[in-house]
Amino acid sequence: MSFPLRRALSAAALAALLLPLGCSTALTTRREEDQRMSSSDDVSKPAPRWGIVIHGGAGVIKRESLTPEREAAVRAVLTEALQAGHTILAQGGTSLDAVTAAVRVMEDSPLFNAGKGAVFTHDGKNELDAAIMNGRTREAGSVAGLRHVKNPIALARAVMEKSPHVMMIGAGAEEFARQQGVELVPESYFHTEERWQSLQRALEAEKQQQQTPPEQGQPQGPSTFWEHPAGREHKFGTVGAVALDQSGNLAAGTSTGGMTNKRFGRVGDVPVIGAGTYANERCAVSATGHGEYFIRYTVARDICSRLEYLDLPLPEAAHSVVMDTLVKAGGEGGVIAMDAQGNVAMPFNSSGMYRGYMGQDGMPSVAIFKEQ
């Protein structure tokens, strides 16, 4: 029995037993030298190219459907959102603060389907969702089904930072908002005539659809307007931001009013961590589109996983998921993404996506259509 035990003794252990006096000191010196070289290598690495990327929704956005005045207004708010986040980053602020600031600007605008511009549910209510995630710590906060919170992204962040939870919904989330001093507003604050008329058109189209029998031999179509192709002839106006700060930390945040004419407390991908919102040490993603598909295919996490496990460049990973995986599944939309080196990707498979980028040079770049 003693012979196998001696053979099992590791080479490292034998070496340690046989070392002459003073060798341990030599090993320690070599280890310290390696650590110094490693630290030196870290210092010599170039700093990340910090910046911020935003989106204001993707979908059927046709150039001919936007008046010059409307297009100018949209571009102005996108630029304002970029500048709000960039100002924080330029002063050495965190990516979380930059993302929050940028999203709030878009939530406060009636031009986007988030906050003030939220669409109406089937019952004529506004129900808002949001999420935020810290890439460095992977802490996250999300909220859904809000009716009185002026800036849902602010409540999502409070959930992340001031509670032990990740997701809160409905009345409970709003009670938490009251306790945390997050601003609440009456439901009338979210009412805009444009969104109200969108609901009326949706209800009428749904009514006509239900009254029209299917053609002989054809299967029964979808039962609700927003499941029908005709009901998707609009942009998905979800807003979002991803940012990389000067310390190399990533963050992602997203906010939405959901889908026009949604029913039964439907919740989309935005507050589902890993679907519409995700960030880790290497990658941050915010999505916009037909949320059911983004949930089923965990789009945001899938993109980051391709960096982590396949070592793909960010543009390739994002393009593959949005332009291949989603297209094959029938999902429409797009994402904005950023990696820890400051590389950016903004793929979308719809006709347009409101989007913008602002880097260290302080020059905002805003686009809507595929050709800008």
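The residues of the chain are indexed from 1 along the displayed sequence.
Between the R195 side chain and the G117 main chain, a donor and an acceptor come within less than 3.5 Å of each other. Between the side chain of N151 and the main chain of I153, no donor-acceptor pair closer than 3.5 Å is present. Remark: side-chain polar atoms of S350 are paired, donor with acceptor, to backbone N or O of G59 under 3.5 angstrom. Counting only distance, with no hydrogens or angles, the side chain of N349 and the backbone of G333 share a donor-acceptor pair below 3.5 Å. In terms of modelled atom types and a separation under 3.5 Å, the side chain of T277 and the main chain of V270 share a donor-acceptor contact. Although no hydrogens or angles enter the test, the distance criterion places no donor-acceptor pair under 3.5 Å between the side chain of S247 and the main chain of N249.
At a threshold of 4.5 Å between side-chain heavy atoms, the hydrophobic network of Ile, Leu, Val, Met, Phe, Trp and Tyr places V149 and V185 in one connected group.
Side-chain atoms of E204 and Q208 include a donor-acceptor pair closer than 3.5 Å. Judged by distance alone, the side chains of Q197 and E193 do bring a donor and an acceptor atom under 3.5 Å apart. For R201 and S198, the side-chain atoms include at least one donor-acceptor pair closer than 3.5 Å. At a cut-off of 3.5 Å, with distance as the only test, a side-chain donor of S255 or E107 sits close to an acceptor on the other residue.
H148 pairs with exactly one of R178, E183, E174 by the side chain to side chain donor-acceptor pair (under 3.5 Å) rule, that one being E174.
Taking the charged nitrogens against the carboxylate oxygens, R306 and D302 do have a contact shorter than 4.0 Å, which makes a salt bridge. Salt bridge D129/R266: absent, no basic N to carboxylate O contact under 4.0 Å. Under the 4.0 Å criterion applied to side-chain N and carboxylate O atoms, E308 and R282 are not assigned as salt-bridge partners. Using a 4.0 Å cut-off between charged nitrogen and carboxylate oxygen, R296 and E292 do not count as a salt-bridge pair.
Using cut-offs of 30° and 60° for the angle between ring planes, the Y354 and F112 rings count as perpendicular.
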